[in-house]
Every structure is written in structure tokens, then in C-alpha cells.
Amino acid sequence: MSPAIWQTAQKHRKPVLCNFLGRAEDSAGFVELVTHRVPSYSYPESAARALAAMHRYARYREREEGEVRTFPVDRGVAESVLARARTENRFLLRGDEANRLLEAYGIRTAKTRFVRSVDGLAGAAKEIGYPVVLKAVGPTLVHKSEMQAVLLDVRGKEALLDGASGIAARLRERGVALEGFLVQEFVTGGTEVILGMTRDKVYGPCLVFGLGGIYVEYLKDVTFGLPPLTDRDAMRMIESIRTYPLLKGVRGEPPRDVKALQDGLLRLAQLVSDSDQVQELDLNPVVVLPEGKGYRAVDARIVLSPPSVRT
Ligand code: ADP
Ligand code: MG
């Protein structure tokens with residue numbers, strides 16, 4: 001029977017896999033098949049898994065590669081943000097500094113002002129325009145909302161100043177150092193996603209994308225990508241999460257600006273490839289607005305590598 005199988009397999013371009021229950025490594029039929037390049041498995045499940053892997057690989061080979069675009073960058077701004085942190089021996093960029101680095105690469109962030117004391121708050125808020133978001137800044141303050149150090153939808157000067165003194169009192173109580181405040185544009189009407197990067201010793205920068213908010217923790221619905229990314233790679237990353245339909249618009253919600261998000265992801269890939277001092281980056285969340293309106297990163301955490309690691 002074995003010759004009939006491999007001779008037929010050789011005449012056609014269809015993949016042929018065999019399954020021999022109860023065979024041994026030296027069963028004559030098995031040896032004959034594998035020496036004629038017909039893989040033969042002991043269990044149908046293994047054969048089915050191999051076929052599925054062949055199918056995935058064929059699709060991967062046939063996929064449209066797309067192009068790697070290079071975006072114009074304001075290198076002066078990017079360099080000055082990094083240089084300043086370096087001279088001050090800081091590894092964590094302040095929120096407004098992180099935004100400046102991102103904007104130098106054309107990655108959109110919520111309009112943000114940093115003020116050192118409450119005296120500057122009202123002016124900053126006026127410049128940005130109410131309603132605003134108020135966030136405390138401190139060298140050890142990472143999960144700001146856990147510390148009740150984020151106030152959303154602040155509608156006027158009084159609420160702003162009350163909010164700031166409330167935050168300052170809470171942080172003082174907990175012994176958390178306060179360096180100042182961020183006053184930020186309040187971004188509404190979007191879907192929250194996360195974009196991030198961790199740097200692997202072997203693979204280099206590894207990008208991550210997923211839906212934001214509570215979903216990240218519960219669904220672990222994220223996808224990874226290695227730069228350089230082509231435009232198709234970025235789109236495939238975005239489309240591959242299970243919750244992608246939420247971005248396309250469900251229950252009558254308008255579709256989100258996925259094209260803009262793709263552009264942001266590509267620019268981020270360029271940023272992390274250019275600056276190997278950026279050790280870790282977390283945009284959590286990025287608010288993706290309805291089609292045509294873009295997206296805004298509203299919380300940016302950028303960690304630099306310590307000097308000894310820098311080249
Ligand atoms: P942290 O992650 O340190 O707790 P964030 O800056 O991410 O603090 O703020 C907490 C949450 O508040 C965000 O996940 C987002 O839902 C919301 N938020 C923060 N900034 C803005 C903003 N500028 N516009 C709208 N919503 C915001
Ligand atoms: Mg956050």
C-alpha cells in the first residue's frame with residue numbers, strides 16, 4: 001500500500017500526510033513513506049496540527065508585505081528631552097517630557113502643561129481650555145489613579161484648585177513626594193487602547209498593542225510586533241486582537257480612527273528603533289477617537305536605560 005501512497009503523492013501538488021496507528025519507528029511501511037518524503041504520524045491529532053501549521057506558514061509566505069515608511073522626526077527636540085534627563089540622572093521621563101518626545105515623532109498626545117506649584121494651575125488650564133484633567137507628578141508616582149492623584153473632567157478654576165489641594169493632602173498623608181501637576185486636555189468620545197514597548201536582550205524592541213482599560217487585565221487580549229514594521233504589519237497587529245470589533249464600532253457606535261492608530265504604531269516603531277536608550281514605553285491609555293479625528297495618548301510612561309547600559 002505504501003508505494004501507492006507516495007507514488008500518488010508525488011504526482012500531485014496536494015500535501016499528503018499519513019497516519020499509522022500502532023506503528024513502530026522501523027515498521028516497513030513507515031520507513032518507505034518517510035524515505036519518499038511523505039510524513040507519517042502516530043496519531044491523527046499530530047497530523048492535523050502539522051497540516052494547520054503548514055496552512056499558517058503558507059498564508060504567512062503569501063501575505064502582502066507592505067512597506068516600511070520613514071517619518072520625518074524633530075531630532076533636536078527628541079535629543080534635548082533625552083539629554084536633559086541624562087544630565088539630571090533621571091530614568092523616568094516626566095509626563096510632559098514623554099509627550100514632547102512622542103510629538104517629535106508625530107505621535108499625538110493630549111495637550112499637556114506641567115506646573116511646579118498651584119500658582120500655575122489656573123493659567124495652564126485656561127491655555128488648554130476647560131474641561132481639563134489634573135494629575136499629580138512625583139518621582140515615585142507610577143499608578144496615579146490608585147493614589148487618587150488623577151481628576152477627570154475638571155470644569156473650572158475653583159474645582160481645579162480644590163482638586164489640587166485635595167491631591168496634595170492625600171499624597172502628603174501617604175508620604176508620597178509631589179513635584180508638581182500636569183494639566184491636560186480632557187479627551188472624550190473614544191476607545192482606550194494601549195501601545196507599549198519592552199526591550200528584549202535578544203530581539204530588541206518588542207511592541208505590544210491591545211485594548212485598554214479593564215480589558216487588558218481580564219482578557220489578556222494583546223498582540224506583539226518586532227520593528228521595523230511595514231504598514232501591513234501594523235494593520236495586522238491592530239486587526240488581530242479579539243476585541244478589534246470594538247474599534248470598528250459596535251452597537252451603533254461610530255468606527256474609531258484605525259488608520260490614525262496604524263500611523264501612530266508605525267511612528268512608535270521608528271521611535272523605539274532610533275532611540276535605544278528608551279528601555280520601556282507604555283502609552284496607557286491611548287484614546288482612539290471616531291474616524292477622521294485621530295487618537296491621543298493621555299498617559300505616557302517612558303523609562304530610559306541606566307547609563308552603564310547606554311552605548
Ligand atoms: P494612571 O495610569 O497612572 O493611573 P492615567 O493618566 O492613565 O493614570 O489616568 C487614569 C485614567 O484616567 C486613564 O486610564 C483614563 O481612563 C483616564 N484619563 C487620563 N487622562 C485622561 C485625559 N486626558 N482625557 C480623558 N481621560 C483621561
Ligand atoms: Mg495610565
Side-chain angles (χ1 to χ4, degrees), residues 90-103 107-115 121 124-156 159-160 163-164 166-168 170-171 174 176-198 207-222 243 246-247 253-254 256-257 260-261 264 268 278 280-290 293-303:
R90 285 183 291 123
F91 306 138
L92 183 65
L93 294 185
R94 229 174 35 221
D96 57 312
E97 295 174 323
N99 284 3
R100 280 175 54 215
L101 178 58
L102 294 166
E103 291 279 352
I107 298 164
R108 301 294 313 273
T109 63
K111 224 185 284 171
T112 303
R113 297 279 175 278
F114 170 68
V115 298
L121 284 176
K126 203 170 162 200
E127 225 179 286
I128 285 167
Y130 289 102
V132 294
V133 173
L134 178 69
K135 299 180 187 180
V137 176
T140 57
L141 202 52
V142 182
H143 302 294
K144 298 177 289 295
S145 36
E146 272 171 31
M147 287 286 179
Q148 292 168 295
V150 176
L151 280 185
L152 303 176
D153 198 13
V154 179
R155 293 172 177 224
L160 183 70
I167 288 176
R170 278 196 293 277
L171 293 182
R174 296 175 184 187
V176 178
L178 177 67
E179 201 182 321
F181 293 94
L182 295 180
V183 181
Q184 204 171 55
E185 166 192 1
F186 182 44
V187 183
T188 54
T191 301
E192 294 189 359
V193 302
I194 57 160
L195 285 179
M197 184 276 298
T198 50
L207 294 163
V208 57
F209 164 74
L211 212 67
I214 51 167
Y215 304 115
V216 183
E217 313 256 309
Y218 291 111
L219 303 180
K220 302 207 181 339
D221 187 17
V222 293
T243 41
L246 296 185
L247 285 172
E253 282 190 340
R256 305 308 187 198
D257 203 337
L261 182 61
L268 188 66
V278 173
E280 222 180 286
L281 183 151
D282 244 311
L283 309 182
N284 183 5
V286 173
V287 181
V288 189
L289 298 168
K293 300 215 153 86
Y295 64 87
R296 304 284 183 282
V298 303
D299 183 27
R301 181 170 159 273
I302 298 184
V303 182

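Treat the numbers as computed from the prediction; the structure is a model and nothing was measured. Quick note: residue numbers are just sequence positions, from 1. Both counts, for ligands and for their atoms, begin at 1 and track the order of listing.
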Colleague: Give me the residue, atom name and distance of the protein heavy atom closest to atom 8 (O) of ligand 1.
Modeller: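 Checked against all protein heavy atoms, atom 8 (O) of ligand 1 sits closest to Lys144 CE, 3.5 Å.
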Colleague: Hey, which of Leu151, Val183, Leu182 is the one that makes side chain to side chain contact (heavy atoms under 4.5 Å, CB included) with Lys135?
Modeller: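 Looking at Leu151, Val183, Leu182, the match for Lys135 under the side chain to side chain contact (heavy atoms under 4.5 Å, CB included) is Leu182.
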Colleague: Just by distance, do the side chain of Glu185 and the backbone of Lys111 share a donor-acceptor pair under 3.5 Å?
Modeller: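 It does hold such a pair.
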Colleague: So that I can check it, does any N, O or S atom in Asp299 come closer than 2.8 Å to the Mg ion (ligand 2)?
Modeller: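 Yes - counting backbone and side chain alike, Asp299 has an N, O or S atom under 2.8 Å.
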Colleague: Checking a contact table here: which protein heavy atom is nearest atom 15 (C) of ligand 1, and how many Å away?
Modeller: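 Protein heavy atom with the smallest distance to atom 15 (C) of ligand 1: Glu192 OE2, 3.3 Å.
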Colleague: So that I can check it, does any N, O or S atom in Ser145 come closer than 2.8 Å to the Mg ion (ligand 2)?
Modeller: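 It does not: Ser145 brings no N, O or S atom closer than 2.8 Å to the Mg ion (ligand 2).
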Colleague: Between Val176 and Thr140, is a side chain to side chain contact (heavy atoms under 4.5 Å, CB included) present by the stated rule, with each step listed?
Modeller: CA-CA 7 Å; Val176 178; Thr140 57; 4.0 Å; yes
Colleague: Relative to the heavy atoms of Glu185, which atoms of ligand 1 are at a distance of less than 4.0 Å?
Modeller: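 Answer for ligand 1: 22 (C), 23 (N), 24 (N).
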Colleague: With distance as the sole test, does Glu103 use its side chain to make a donor-acceptor pair with the main-chain N or O of Thr109 at under 3.5 Å?
Modeller: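 Judged by distance alone, yes, a pair lies under 3.5 Å.
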Colleague: Are any of the side-chain heavy atoms of Leu92 and Pro139 separated by less than 4.5 Å?
Modeller: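 Sidechains of Pro139 and Leu92: no contact.
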Colleague: Short list, please: which atoms of ligand 1 are under 4.0 Å from a heavy atom of Phe186?
Modeller: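 Going through ligand 1 atom by atom, the ones under 4.0 Å from Phe186 are 24 (N), 25 (C).
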Colleague: Could you tell me, atom by atom, which parts of ligand 1 come under 4.0 Å of a heavy atom of Pro285?
Modeller: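 Checking each atom against Pro285, I get 7 (O), 13 (C), 14 (O), 15 (C).
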Colleague: For ligand 1 and Ala110, I'd like to know whether there is a polar contact (N/O to N/O, distance under 3.5 Å).
Modeller: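 No.
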Colleague: How does Leu152 reach ligand 1, if at all, at less than 4.0 Å between non-hydrogen atoms: by side chain, backbone, both, or neither?
Modeller: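 For Leu152, only side-chain atoms sit under 4.0 Å from ligand 1.
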Colleague: Donor-acceptor pair, Tyr295 side chain versus Arg108 backbone, under 3.5 Å?
Modeller: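 Checking the backbone N and O of Arg108 against the side chain of Tyr295, a donor-acceptor pair under 3.5 Å is found.
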Colleague: What residue and heavy atom of the protein are closest to atom 24 (N) of ligand 1, and at what distance?
Modeller: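 The answer is Val187 N, 2.9 Å.
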Colleague: Scan Thr112, Val132, Leu152 and name whichever one has a side chain to side chain contact (heavy atoms under 4.5 Å, CB included) with Gln184.
Modeller: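 It is Thr112, the one option of Thr112, Val132, Leu152 that forms the side chain to side chain contact (heavy atoms under 4.5 Å, CB included) with Gln184.
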Colleague: Run the side chain to side chain contact (heavy atoms under 4.5 Å, CB included) test on Arg301 and Asn284 for me, step by step, so that the C-alpha distance in whole Å, both residues' side-chain angles and the decisive distance to 0.1 Å come before the verdict.
Modeller: CA-CA 8 Å; Arg301 181 170 159 273; Asn284 183 5; over 6 Å; no
Colleague: Kindly say whether Val187 contributes a backbone atom to a donor-acceptor pair with the side chain of Arg296 at under 3.5 angstrom?
Modeller: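 Checking the backbone N and O of Val187 against the side chain of Arg296, no donor-acceptor pair under 3.5 Å is found.
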Colleague: Taking 4.0 angstrom as the limit and counting only heavy atoms of Val142, give me the atoms of ligand 1 inside it, by number and element.
Modeller: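 So the answer, numbered in order with elements, is 3 (O).
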Colleague: Would Asp299 count as a polar contact of ligand 1, with the cut-off being nitrogen or oxygen pairs under 3.5 Å?
Modeller: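 Checking ligand 1 against Asp299, an N or O pair does fall under 3.5 Å apart.
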Colleague: Tell me which part of Gln184 gets within contact of ligand 1: side chain, backbone, both or neither, using heavy atoms under 4.0 Å.
Modeller: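 Contact part for Gln184 vs ligand 1: side chain (C-beta onward).
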Colleague: Measure the distance from atom 4 (O) of ligand 1 to every protein heavy atom, then report the residue, atom name and distance (to 0.1 Å) of the closest one.
Modeller: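 It is Ser145 OG, 2.4 Å.
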Colleague: Is atom 19 (C) of ligand 1 near the protein, in the sense that some protein heavy atom lies at less than 4.0 Å from it?
Modeller: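 Yes, there is a protein heavy atom closer to it than 4.0 Å.
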Colleague: Looking only at distances, please establish whether an N/O atom of ligand 1 is found under 3.5 Å from an N/O atom of Glu146.
Modeller: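 Looking only at distances, the answer is no, because the N/O contact criterion of under 3.5 Å is not met.
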Colleague: Tell me, do Val193 and Leu247 make a side-chain contact under 4.5 Å, heavy atoms counted?
Modeller: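 Heavy-atom side-chain distance check passes, below 4.5 Å.
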Colleague: Below 4.0 Å, non-hydrogen atoms only: which portion of Asn284 touches ligand 1? Side chain, backbone, both or neither.
Modeller: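 For Asn284, the contact with ligand 1 is made by the backbone alone.
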Colleague: Can you tell me the protein heavy atom closest to atom 6 (O) of ligand 1 and the distance?
Modeller: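 Among all protein heavy atoms, the one nearest atom 6 (O) of ligand 1 is Lys135 NZ, 2.7 Å.
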Colleague: Counting neighbours of NZ on Lys144 that are heavy atoms of other residues, nucleotides or ligands and sit closer than 6.0 Å, is the number greater than 12?
Modeller: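 Atom NZ in Lys144 is packed in, count exceeds 12.
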Colleague: Counting C-beta onward and ignoring hydrogens, is there a side-chain heavy-atom pair between Val278 and Ile302 closer than 4.5 Å?
Modeller: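 Yes - at least one pair of side-chain heavy atoms lies under 4.5 Å apart.
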Colleague: Under 4.0 Å from a heavy atom of His143: give me the atoms of ligand 1 that qualify, with their elements.
Modeller: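 Taking each heavy atom of His143 in turn, ligand 1 has 3 (O), 4 (O) under 4.0 Å.
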